[in-house]
Amino acid sequence: MDFISILSIFVLACFVGYYVVWSVTPALHTPLMAVTNAISSVIVVGALVASAAAGSPLAKWLGLGAVVLASVNIFGGFAVTERMLAMYKKKDKGPAQNGAKGGKS
Amino acid sequence: MEHAVNPWVAVAYLIAGVCFIVALRGLSSPATSRRGNRYGMIGMAIAVATTLITHDIASLPEIVGAIAIGGGVGFVIARRIQMTAMPQLVAAFHSLVGLAAVLVAVAAFLNPGAFDILGGDGNILAVSRVEMALGAAIGAITFSGSVIAFAKLNGNMSGAPILLPARHVINLGTLLLILALTAGFAVAANAGPGENGMFWAVVALSFLIGFLLIIPIGGADMPVVVSMLNSYSGWAAAAMGFTLHNTAMIITGALVGSSGAILSYIMCRAMNRSFISVIAGGFGAENGGGGGGSAEQRPWKRGSAEDAAFLMKEAGSVIIIPGYGMAVAQAQHVLREMGDLLKEEGVNVKFAIHPVAGRMPGHMNVLLAEASVPYDEVFELEDINGEFAQADVAFIIGANDVVNPAAKTDKSSPIYGMPVFDVDKAKTIFFIKRSMGGQGYAGVDNDVFYMDQTMMLLGDAKKMVEEIIKAL
């Protein structure tokens, strides 16, 4: 791919990001940061390329280091987002809300 | 390398990128958010699998080991972390993305052949040099900036701004030097693998500038800083995506970059401050001239937990305004319990959240969700502000600046123009606060303390709410 096509994708993706993010409800801004953090770890692709290649041992180990760091983010980021999102509940419409939600702590 | 040979590879990365867009789109409502998160995971799995399948892997066991170690650590942290510590965690995670970007850029510099960016003359392609230098620079700034943000949020470092003399000159000079070195690196005649020290200078200076940029910014401005670093981590990923010609990385980088930028903008708007003034730092360092020389003793009323319990039980509607103090005291669970008890008494209970309450965007919403407060009882500033005039009780717990009427009336106040809750219109105000001495992060006195309808509940937020529950 030539530079201009890549640049076009980048610019258009910025606009997509702009509109998508404005539609995120403010109540979910913390999960938004956690999940964007997780997906920005797609940098792991670069880390894998570096660590897979033969040629420079130093580059390989740096790549492996980056794979470890990015993996922390990928697994940690998605897991913590999942944990947060699971907590958001609507008012239970059932038998009156008299604290009988059985919520722990 | 086989890249660009198989068009399906490009399609796979494109699908991964689209999954990430859908993931963010899911966050438009809590009902669809978990499905969105799953799309994010699928996208990541596609990106990783595609990369592994399409490259000749010389070291598969090491790679699997690296993923297992990192993944295990990340997973355990995600399971164990307390919800109140979420801002620190996000800052820590940002620092990892930043450092990973630096490592990838350095690896590309040392072994450009693996990235397909080695020109015919034995030099790294000039465009790629710019991309890798910028990727490394943004990554390094993200890393060191996030480390400082983490230390400030986690309490390893004082939240007070640290102001170096002539810091604007130093920072601007360093940034210009980084750009000049990047340009020099791009046009240098000797730019083979690992050659040319200008790249190393860019990396070193970027680590330095990351520290320098964040130390003058005070604790209360951390929501903006965390959002901004979020944005940087995206731009770093995008820069490396340019180096690798990888659409998944570019789309993701652009998404994350704009997401962080929009969040920073929302935070700044909620404080009525310009982004530049936040980044310049120093807010809360000087004891703002606000409050119009009202530092002398003014009369205020002290209430008791029993008073609060009695009045709220009799009230028709109560609006609860949580702030960072609630997070510090871990009072969200008892607060929910108090709300439930009041609801049993037939009181209409609502929660009101200011965009900058807490230490990161949406911080209070997560804590209330953790305490099982249904999200349809939690309201944003503009949605609930009209209701204070009809409310019997405004219950302020750990918030301060976001209810300060000086933001509406006192032009000399540092927080003038910031949108605030109209608590002064409520019939009765309960204000939980540690003591009368401390002030909000803006260092401004708050007229609400001294109003006729205000009762101060002095003490630890959690203990105070527990006492109110007992009295109910």
Side-chain angles (χ1 to χ4, degrees), chain A residues 1 9-10 13-14 16-18 20-21 23-24 26-30 32-33 35-37 39-40 42-43 45-48 50-56 58-59 62-76 78-82 84-85 87-91 98-99 103 105, chain B residues 20 24-25 27-28 30 33-34 37 40-41 47 51 55 57-58 66-67 69-71 73-75 77-78 90 93 96-97 100-101 103-104 106-107 110-111 114 230 233-234 237 240 244-245 249-252 254-256 258-259 262 333 340 344 361-362 365-366 369-370 372 374-376 380:
Chain A
M1 260 189 295
I9 294 174
F10 176 71
C14 285
V16 172
Y18 178 86
V20 169
V21 172
S23 77
V24 172
L28 292 177
H29 277 163
T30 296
L32 171 68
M33 298 196 82
V35 82
T36 48
N37 178 72
I39 65 174
S40 63
V42 74
I43 192 121
V45 168
L48 289 172
S51 50
S56 162
L58 179 56
L62 290 173
L64 284 173
V67 172
V68 173
L69 297 177
S71 303
V72 173
N73 260 320
I74 294 172
F75 286 81
F78 282 124
V80 86
T81 309
E82 189 71 21
M84 279 192 274
L85 294 176
M87 299 184 313
Y88 282 82
K89 291 188 194 74
K90 247 184 141 81
K91 212 182 309 192
N98 46 4
S105 71
Chain B
F20 294 143
L24 295 197
R25 177 68 204 165
L27 292 176
S28 57
S33 58
R34 293 179 77 183
N37 196 35
M41 296 181 202
T51 312
H55 287 84
I57 309 287
I67 294 179
I69 295 172
V73 171
F75 201 69
I77 294 175
V90 168
F93 278 173
L96 299 184
V97 178
L103 293 181
V104 173
V106 171
L110 295 176
N111 191 4
N230 183 241
S233 68
M240 296 322 296
L244 282 160
H245 293 202
M249 287 170 82
I250 291 170
I251 294 176
T252 313
L255 286 179
V256 178
S258 24
S259 167
I262 290 172
H333 299 283
D340 285 348
E344 277 176 52
N365 301 79
V366 172
E370 185 198 12
S372 337
Y375 60 80
D376 36 5
E380 303 299 323

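Numbered from 1 within each chain, the chains take letters A, B, ... in sequence-line order. These values consider heavy atoms only, across backbone and side chains, with no hydrogens, waters or symmetry-generated copies.
- The choice from L32(A), L58(A), V35(A) that makes the most heavy-atom pairs within less than 4.5 Å of chain B is L32(A).
- Under the 4.5 Å side-chain criterion, counting only non-hydrogen atoms from C-beta, M84(A) is not in contact with E370(B).
- Here T30(A) is the residue among V21(A), T81(A), V80(A), T30(A) with the most heavy-atom pairs under 4.5 Å with chain B.
- Between L69(A) atom CG and I69(B) atom CD1 the span is 11.0 Å, to the nearest 0.5 Å.
- S28(B) meets the side-chain contact (heavy atoms from CB on, under 4.5 Å) test with S23(A), R25(B), T32(B); sequence neighbours excluded.
- Using a distance-only test at 3.5 Å, with no hydrogens or angles considered, no donor-acceptor pair links the side chain of S40(A) to the main chain of G234(B).
- At a threshold of 4.5 Å between non-hydrogen side-chain atoms, the residues P26(A) and N365(B) do not count as touching.
- By the 4.5 Å heavy-atom criterion applied to side chains, L28(A) and P30(B) are counted as neighbours.
- Side chains of N230(B) and T36(A): a donor-acceptor N/O pair is present below 3.5 angstrom, by distance only.
- Rounded to the nearest 0.5 angstrom, S233(B) OG and M33(A) CE are separated by 8.5 Å.
- When all heavy atoms of A100(B) and A66(A) are compared, the pair lying nearest together is O-CB, 3.9 Å.
- Applying the side-chain contact (heavy atoms from CB on, under 4.5 Å) criterion to S51(A), with sequence neighbours excluded, gives L64(A), V67(A), I63(B).
- Closest approach of L244(B) and G46(A) over heavy atoms only: CD1-CA, 3.3 Å.
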### Message
For a side chain to side chain contact (heavy atoms under 4.5 Å, CB included) check, start with the C-alpha distance between L85(A) and L27(B), then their side-chain angles and the critical distance, and finish with the verdict.
### Response
CA-CA 9 Å; L85(A) 294 176; L27(B) 292 176; 4.1 Å; yes
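- Using a 4.5 Å heavy-atom cutoff, the side chains of M249(B) and I43(A) are in contact.
- With a threshold of 4.5 angstrom between heavy atoms, V45(A) approaches chain B through its backbone and through its side chain.
- For a residue to count as touching a neighbouring chain, one of its non-hydrogen atoms must lie under 4.5 Å from one of that chain's; by this rule T252(B) touches chain A with the side chain only.
- Shown here for G76(A) and A78(B), the closest heavy-atom pair between the two residues is O-CB, 3.4 Å.
- Interface summary for chain A: among G71(B), A47(B), A237(B), G40(B), the most heavy-atom pairs under 4.5 angstrom belong to G71(B).
- Under a 3.5 Å cut-off, the side chain of D376(B) and the backbone N or O of K90(A) do not form any donor-acceptor pair.
- Two residues are said to be in side-chain contact when any heavy atoms from C-beta on lie closer than 4.5 Å; F75(B) and V72(A) fail this criterion.
- For the pair L24(B) and V24(A), the tightest heavy-atom approach, listed with the atom from each and the gap, is O-CG2, 3.8 Å.
- The shortest distance between side-chain heavy atoms of M87(A) and V366(B) falls below 4.5 Å.
- Looking only at heavy-atom pairs under 4.5 Å with chain B, the residue among A59(A), G65(A), A70(A), A54(A) that has the most is A59(A).
- Scanning all heavy atoms of the two residues, the minimum distance from S56(A) to L110(B) falls at OG-CB, 4.3 Å.
- Heavy atoms closer than 4.5 Å to chain B are found in both the backbone and the side chain of I39(A).
- Scanning both residues, L255(B) and G17(A), for their nearest heavy atoms gives CD2-CA, 3.5 Å.
- Residue M240(B) touches chain A through its side chain alone, counting heavy-atom pairs closer than 4.5 Å.
- With contacts defined as side-chain heavy-atom distances shorter than 4.5 Å, the pair F75(A)/I77(B) does not qualify.
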